[in-house]
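These notes are about the structure you will find just below.
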Amino acid sequence: MADFVERLRTIVGDKGLITDDQGKHPYLTDWRENYLGSALAIVRPATTEEVSAVVKLCAAEKVAICPQGGNTGMSGGATPQESGREIVLSLTRMNRILEIDKVGYSMTVEAGVVLKTIQETASEHDRLFPLSLGAEGSCTIGGNLSTNAGGVQVLHYGNARNLVMGIEVVLPNGDIWNGLRALKKDNTGYDLRDLYLGAEGTLGIITKAVLKLWPKPKDVATSWNAVPSPEAAVELLSGAYAASEDNVTSCELMGRQGLELVFKHIPGATDPLADRHEWYVLLEWSSSRAPREGANQSGLREKMEAYLGEAMEKGLVLDAVVAQNESQSRAFWALRENHSESQKKEGPSIKHDISVAVSKLPTFVTEGLLAMKKALPECRPVPFGHVGDGNLHFNCQSPPGWSKKQFMEYGDAISGAIYDLVTSHGGSISAEHGIGRIKVDELTHYRSQVELDTMRTLKRALDPDNLMNPGKVVRV
Ligand code: FAD
Ligand code: MLT
Ligand code: ZN
């Protein structure tokens, strides 16, 4: 294989190749440290043409490719398998913003641009790119599109699939498909773009994208609310759509257990409220219309305060703080966004990235908490997430002091109980994190035979030698 690696070097140069063990290591394990893979080399092309040449060489030599962006994925999709017969193809050197079309509300970028850079660039041009998630400082747009990422503004703007007009893809045979069309309407046959969104690198490599932009918000109201129950959270959200005049952009639910972990592990994190409560909602409204000036000032903050006042009278809210400035709002968001980091610091946890219809969420939570405790009475449920999308991270922290090995002995019992419950409510076992490697077996239980057969037919047709991220999403 030494010759193969040298041929890679002639394509991407020294700058684009990592072959030493120490340099390779960070690319071989996932954010959650569930997997440790192996690779012939980490290949970091700088252009689409280089990606194409690398893929052609791999196709000729039958070497598999694991595409990788920021490596923040939660499902192990960006980690190569253990065989050592794969390369990791990292897109992180392809990090240029290529064009901003302010009038047409679009931005063309390379796949390795970090999400935060896209958000900031849009903002500098008085525009908004609404995809927003805890990993935004390191995840890449190629990874976001390949996982069809969700995040905290899906209820208003949709998930990654809704935020993109066109993509460029290097196919498993190395051909380049230029689908970089900035079109809002295009009914010319099968939608190839949609096929690659959420494909987790199993059908090809996304190299560029034309993203949709929105007007930048000029009026934002954020509140931190204690609520008596998930039922109250769902009702609070339901009424908020009309009260905000359709300006609800985030609604996140958190339980006390998760919040306690944030206080424990994140320096400077403090409780915005004086008393302890069981459930919290972070509610945000935003609008591109600036608040009116003058005595009759009526902005979203005033509207939100009025709405929360009414909600308190009805018992839907127990206590609340509306942010008076941006730094207070950022502090509320830090309590929410640090849930994953705090869970990681606390020790082993099992994630269930589930969704059910929003109205079924409260029942699901009640039944799910009972099911988890039945499977392992000492476990610590940490449910939180995107209530407006019916998507909760119905996570389970190990009992204090347990090793991962000890905890994972209960993994199948805990996850099986949750997934069966999700299925009985007509929900999904992976709302936003994808299947990756971690849920390949679960997928075969929770999708129908017709769906699985169709997915496998597609995979075999587009990647007959199974070289694109093998072992992820579907086994063929
Ligand atoms: P990677 O992890 O590198 O890759 C993810 C998958 O995409 C892999 O299968 C990989 O092979 C494939 N891939 C990557 N780039 C390409 C490409 N250019 N072409 C083809 N395939 C590619 N996710 C959410 O949806 N919502 C959240 O709210 C959320 N919050 C998070 C919070 C934290 C703290 C963390 C650590 C993660 C969170 N995630 C969330 C998960 C993760 O950030 C997303 O899945 C993100 O979209 C992954 O982007 P990435 O660039 O890191 O991709
Ligand atoms: C989030 O929304 O913070 C992540 O997707 C959740 C997780 O880490 O389970
Ligand atoms: Zn999430």
Side-chain angles (χ1 to χ4, degrees), residues 27 29-32 37 45 48 51 55 65-80 86 88-92 94-95 109-115 131-154 159-161 167-172 196-209 250 252-254 258 262 333 336-344 349-355 382-387 389 391-397 430-438 468-473:
Y27 298 86
T29 188
D30 58 313
W31 186 85
R32 297 177 61 193
T48 300
V51 175
V55 174
I65 298 173
C66 177
Q68 192 179 93
N71 201 14
T72 66
M74 294 283 189
S75 305
T79 308
E86 296 181 22
V88 170
L89 194 142
S90 165
L91 279 297
T92 46
M94 291 184 59
N95 59 2
V109 299
E110 290 185 324
V113 182
V114 168
L115 175 55
L131 186 64
S132 172
L133 45 116
E136 62 200 23
S138 45
C139 63
T140 62
I141 192 67
N144 300 146
L145 297 177
S146 299
T147 55
N148 187 24
V152 296
Q153 303 205 101
V154 172
N159 49 17
R161 190 184 294 282
I167 53 174
E168 178 188 80
V169 179
V170 173
L171 307 181
Y196 287 96
L197 304 175
E200 300 181 58
T202 59
L203 300 178
I205 297 162
I206 298 177
T207 42
K208 293 188 187 109
S250 295
E252 296 287 309
L253 179 72
M254 286 150 279
V262 176
W333 272 111
R336 163 62 185 89
E337 296 292 20
N338 276 308
H339 268 60
S340 301
E341 186 68 29
S342 310
Q343 274 212 280
K344 187 173 165 179
S349 74
I350 300 172
K351 288 187 187 292
H352 304 108
D353 166 37
I354 64 92
S355 67
V382 184
F384 65 94
H386 320 291
V387 67
D389 314 328
N391 170 202
L392 283 192
H393 301 298
F394 209 73
N395 297 346
C396 184
Q397 197 81 38
S430 182
E432 60 174 12
H433 294 164
I435 296 300
R437 181 165 171 183
I438 202 162
M468 273 300 155
N469 219 1
K472 317 291 168 57
V473 186

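When reading the values below, keep in mind they use all heavy atoms of this one structure, side chains included, and skip hydrogens, waters and symmetry mates. Counting starts at 1 for both ligands and their atoms, in listed order. Values in this document were obtained by computation on a predicted structure and should not be read as measured data.
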Geometry only, no angles: is Glu337 polar-contacting ligand 2 at N/O separations under 3.5 Å?
no

Does ligand 2 have any atom that is closer than 4.0 Å to a heavy atom of Lys351?
yes

His393 and His433 aromatic ring geometry - parallel, tilted or perpendicular at 30°/60° bounds
parallel

Which ligand 2 atoms are under 4.0 Å away from a heavy-atom of Glu432?
2 (O), 5 (O)

Considering non-hydrogen atoms of the protein only, which is the closest contact for atom 6 (C) of ligand 2, and what is the distance?
His393 CD2, 3.2 Å

Proximal ligand 2 atoms for His386, defined as those under 4.0 Å from one of its heavy atoms:
2 (O)

Near Arg336, which atoms of ligand 2 are under 4.0 Å from a heavy atom of that residue?
1 (C), 2 (O), 3 (O)

Return all protein N, O or S atoms below 2.8 Å from the Zn ion (ligand 3), chain by chain in residue order.
His386 NE2, His393 NE2, Glu432 OE2

Counting from 1, what ligand 2 atoms have a heavy atom of Asn395 closer than 4.0 Å?
9 (O)

Tell me, which residues have any heavy atom less than 4.0 Å from some atom of ligand 1?
Trp31, Pro67, Gln68, Gly69, Gly70, Asn71, Thr72, Gly73, Met74, Gly77, Ala78, Leu91, Ala111, Leu133, Gly134, Ala135, Cys139, Thr140, Gly142, Gly143, Asn144, Ser146, Thr147, Ala149, Gly150, Gly151, Glu200, Gly201, Gly204, Ile205, Ile206, Ser340, His386, Glu432, His433, Asn469

Only counting residues at least two apart or in another chain, list the ones meeting side-chain contact (heavy atoms from CB on, under 4.5 Å) with Thr79.
Asp30, Tyr35

Is the shortest side-chain N to carboxylate O distance from Arg336 to Glu252 below 4.0 Å?
yes

With sequence neighbours left out, write down each residue that passes side-chain contact (heavy atoms from CB on, under 4.5 Å) with Ser250, or none if nothing qualifies.
Val152, Gln153, Glu284, Trp333

